[in-house]
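Residue indices begin at 1 and follow the sequence shown.
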Amino acid sequence: MSSEEFERMHEMYTCLYEELKSLPERTSRCHGEERKRLIREFDEKADEAVEMVDGMEQELRTAPSSFRNPMMSKMRMYRRDLGKLQRDIRSVEVSTGVRGEIKHGVYTVENEQRTELQSQRALLLQGTDSLNRATESIERSHRIAAETDQVGTDIIEELGEQKEQLYRTKDRLVNTGENLSRSRKILRSMSRRIMTNKLLLSFIIIMELGILGAVVYLKFFRNHK
């Protein structure tokens with residue numbers, strides 16, 4: 001899009017429209033050849049204004065959407081304004097009753113119909129543009145959904161692996177618990193044996209001390225008597 005070209009055409013359209021606005025009233029105050037001349041002048045300037053609107057719409061096709069959408073709405077408003085002026089000039093033509101002026105009125109109807117067709121074309125282009133953007137948005141949504149589905153599948157697989165790891169860890173814990181139970185039983189058995197050995201050892205020591213005491217008594221004390 002050439003912003004300078006668009007601004008140039010917009011400025012030209014604004015000037016044309018200001019001239020066109022005054023023509024229906026001026027025409028209604030004139031008669032005869034002067035009225036015909038003003039009607040021809042209106043038709044020429046209206047055709048030129050329509051061409052300016054067409055050119056601006058052509059420039060807007062490549063403009064960013066943030067700028068294009070409001071300006072396309074303004075283009076439709078321009079076409080409606082031109083159509084209103086054409087209806088005004090047509091009513092002036094019909095009121096004269098002159099055949100030549102009626103012929104100009106037919107031209108005005110044709111111009112109005114062309115303006116309406118151009119407006120419908122602009123709406124169609126805008127609708128097509130909106131449809132294209134919606135299609136792109138749907139495609140992006142599909143890609144995001146596919147990526148999300150893949151991520152979800154990967155997460156489910158990872159959770160399955162973690163579940164198996166938890167089961168294996170649980171089995172190891174069960175085995176460890178059983179081993180601990182056996183170890184506790186062995187330790188209790190060893191503890192009882194140690195206590196038994198201690199008791200036996202204490203009994204043997206006591207017996208040896210008793211024997212030793214008896215030997216000492218017999219050897220030393222009894223002989224002195």
Spatial distance of atom CD (Glu57) from atom CZ (Arg76) [nearest 0.5 Å]: 9.0 Å
Residues in side-chain hydrogen bond (donor to acceptor under 3.5 Å, both in side chains) contact with Arg193, at least two apart in sequence or another chain: none
ring-ring contact (aromatic ring centres under 6.0 Å, His included) between Tyr17 and His10, intermediate numbers included: CA-CA 10 Å; Tyr17 183 74; His10 190 268; over 10 Å; no
Under 3.5 Å, which donor-acceptor pairs do the side chains of residues 174-189 form with other protein atoms, sequence neighbours left out?
from	atom 1	to	atom 2	distance (Å)
Asn175	ND2	Asp171	O	3.2
Thr176	OG1	Arg172	O	2.7
Asn179	OD1	Arg182	NH2	2.1
Asn179	ND2	Asn175	O	3.2
Ser181	OG	Gly177	O	3.0
Ser181	OG	Arg184	NH2	3.4
Ser183	OG	Asn179	O	2.8

Residues that, via side-chain heavy atoms closer than 4.5 angstrom, fall in one hydrophobic cluster with Leu201: Ile205, Leu209
Candidate pair Asp81 and Lys74, rule salt bridge (Lys or Arg N to Asp or Glu O under 4.0 Å), full reasoning: CA-CA 10 Å; Asp81 293 341; Lys74 187 173 288 187; over 6 Å; no
OH-OG1 distance between Tyr78 and Thr14, expressed to the nearest 0.5 angstrom: 5.5 Å
Nearest-0.5 Å distance that lies between atom OG1 in Thr148 and atom CZ in Arg143: 12.5 Å
Within-4.5 Å side-chain heavy-atom neighbours: Leu38 and Glu41: yes
Criterion side-chain contact (heavy atoms from CB on, under 4.5 Å) on Arg79 and Asp54, from CA distance to verdict: CA-CA 10 Å; Arg79 291 187 185 279; Asp54 291 343; 2.5 Å; yes
Atom of Pro24, atom of Leu85 and distance for their closest heavy-atom approach: CG-O, 4.2 Å
CE on Met71 to CE on Met56, rounded to 0.5 Å: 7.0 Å
Trace of the salt bridge (Lys or Arg N to Asp or Glu O under 4.0 Å) decision for Arg8 with Glu5: CA-CA 5 Å; Arg8 184 186 68 81; Glu5 180 67 16; 2.6 Å; yes
Closest contact, heavy atoms only, Leu20 versus Ala49: CD1-CB, 4.0 Å
Tyr13/Val53 under side-chain contact (heavy atoms from CB on, under 4.5 Å): CA gap, chis, key distance, verdict: CA-CA 7 Å; Tyr13 171 81; Val53 175; 3.7 Å; yes
Straight-line distance of Lys163 NZ to Arg168 CZ, nearest 0.5 Å: 13.0 Å
Smallest separation among heavy atoms of Arg68 and Leu60, with atom names: CD-O, 2.9 Å
For Ile194, side-chain contact (heavy atoms from CB on, under 4.5 Å) partners two or more places apart: Lys198
Please tabulate, one pair per line, all N/O donor-acceptor pairs under 3.5 Å involving side-chain atoms of residues 149-161, not counting sequence neighbours.
from	atom 1	to	atom 2	distance (Å)
Gln150	NE2	Asp154	OD1	3.1
Thr153	OG1	Asp149	O	2.9

Distance, nearest 0.5 Å, that separates CE of Met52 from CG of Asp47: 11.5 Å
Selection residues 18-34 - residue pairs positive for salt bridge (charged side-chain N to carboxylate O under 4.0 Å, His left out), sequence neighbours left out: Glu18-Lys21, Glu19-Lys45, Glu25-Arg29, Glu33-Lys36, Glu34-Arg37
Arg35 side chain to Ser28 backbone, donor-acceptor under 3.5 Å: yes
Side chain to side chain, Asp88 and Lys84, heavy atoms closer than 4.5 Å: yes
Heavy-atom pair with the smallest gap, counting every atom of Pro70 and Ser65: CD-O, 4.2 Å
